[in-house]
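Quick note on labels: first sequence line is chain A, next is B, and so on, each numbered from 1. Just so you know, these numbers come straight off a predicted model, no measurement behind them.
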2 protein chains.
Amino acid sequence: MAQLSSVYRRLEEGAKRLTPQRELIIKLFIDRPGQHLSAEEVHQLVRREFRDIGMATVYRTLELLTRLDILQQIHFNDGRARYEINLETTDVHRHHHMVCVRCHRVEEFQEDLLEQLEERLLAERGFRVVDHELKFYGTCRQCARKQQGGRRRS
Amino acid sequence: MAQLSSVYRRLEEGAKRLTPQRELIIKLFIDRPGQHLSAEEVHQLVRREFRDIGMATVYRTLELLTRLDILQQIHFNDGRARYEINLETTDVHRHHHMVCVRCHRVEEFQEDLLEQLEERLLAERGFRVVDHELKFYGTCRQCARKQQGGRRRS
DNA sequence: ATACGTGCAAAGCCTTTGCAGGTGA
DNA sequence: TCACCTGCAAAGGCTTTGCACGTAT
């Protein structure tokens, strides 16, 4: 798979070894595109296949993969970092998040309307953007339906 | 001052007492519009006038004021929460942040281009936005100049 | 009297680090 | 050999909580 080999290439470029623990963590993210896993969740999932992996290894691996640009760290203001994979097909800079404040599920959307704004920030304020994040907090369709049902009853 | 009385009104509506500690913390934010203070910074600043205030009181007050919508909590991914005041003149939803990754200063900008996008998210995906945050990370004008100077020298 | 507010210390969470013991090149 | 990697336990940093003591209403 092209995406996998690109991940391994990036690992090699970082002069790092592909240990079983690291491979399992990478596979986890490849098997779940579009998911945003916390360190705790990664630990739980990997432990199904590698019982003795420690949290320190998980954190060190997540840090390494983030540094190699294989993962991206995201904060959704719930006090813990989450990670998602950076496949070559994924343009990180045109991909943002909708966080449901009820079920905490995260949806994504593509949008490039920030580019013109970034150009204006450079021209008008001298601020050169290297990264950005846009997050919407609200209620997703499913939770809106549930909420509506609850209100009817009361 | 109209802004001050609005803050006090919101405190009363919350059925909360205006203690000297709380008043000092509120004044801190009113005297520094546009600043984004961490709990530690608030503690340091208030201690100049109220030596014995404890961190717990600072945290409890910041939590209270956030709940009363007098302050707003913000995360800039540096591992600590920051707070800014919500004056009635400030439209929280059209005010975003540019975070300099070198000097860590935060600038603000006004922009309302998100509204049409929010309408589309509701229409196309059923997601009803209640809050959003847009942050740009990059280098500010001053740091860009310093950097340029350094490069010329090397 | 009673509910509220405070400072202090302890505990909680998430995350990082030190260390001794492996393992691959 | 030697650099790298790991699990465990301990420590760090930010934040919350328990508690006994005050203080307003």
Inset, instruction - Quickly work out the A:H43 NE2 to C:dC14 P distance and round it to whole Å. - result: 14 Å

Legend entry - Transitive ILVMFWY cluster of B:M55, excluding itself - 4.5 Å side-chain cut-off: B:Y59

Inset, instruction - Please answer whether the main-chain N or O of A:I53 pairs with a side-chain N or O of A:H43 as donor and acceptor at a distance below 3.5 Å. - result: yes

Inset, instruction - Send over the distance from A:L11 CG to D:dC4 P, rounded to a whole Å. - result: 14 Å

Legend entry - Under 4.0 Å protein heavy-atom contact, by nucleotide of nucleotides 10-25 of chain D - B base, S sugar-phosphate only: ----SBBBB-----B-

Inset, instruction - Go through the structure and list residues passing salt bridge (Lys or Arg N to Asp or Glu O under 4.0 Å) with A:E40, not counting sequence neighbours. - result: none

Inset, instruction - Grab the CZ-P distance between B:R47 and C:dG7 for me, whole Å please. - result: 11 Å

Inset, instruction - Classify the ring geometry between A:F109 and A:F136 as parallel (under 30°), tilted (30 to 60°) or perpendicular (over 60°). - result: tilted

Inset, instruction - Go through the side-chain N and O atoms of A:E133 and A:H96 and say whether any donor and acceptor fall under 3.5 Å apart. - result: no

Inset, instruction - For the residue pair A:L114 and B:L134, establish whether any side-chain heavy-atom pair is separated by less than 4.5 Å. - result: yes

Legend entry - Value in whole Å for how far the P atom of C:dT15 lies from CG of A:L64: 17 Å

Inset, instruction - Verify the contact: side-chain N or O of A:Q21 to OP1 or OP2 of D:dC5, cut-off strictly under 4.0 Å; return yes or no. - result: no

Inset, instruction - Report the distance from atom CD1 of A:I25 to atom P of D:dC5, rounded to the nearest whole Å. - result: 13 Å

Legend entry - Phosphate contact (D:dT6 OP1 or OP2) by A:T19 side-chain N/O below 4.0 Å: yes

Inset, instruction - Round to a whole Å and report the spacing from CD1 of B:I53 to P of C:dA9. - result: 16 Å

Legend entry - Atom-pair distance (CZ on B:R51; P on C:dG7), nearest Å: 13 Å

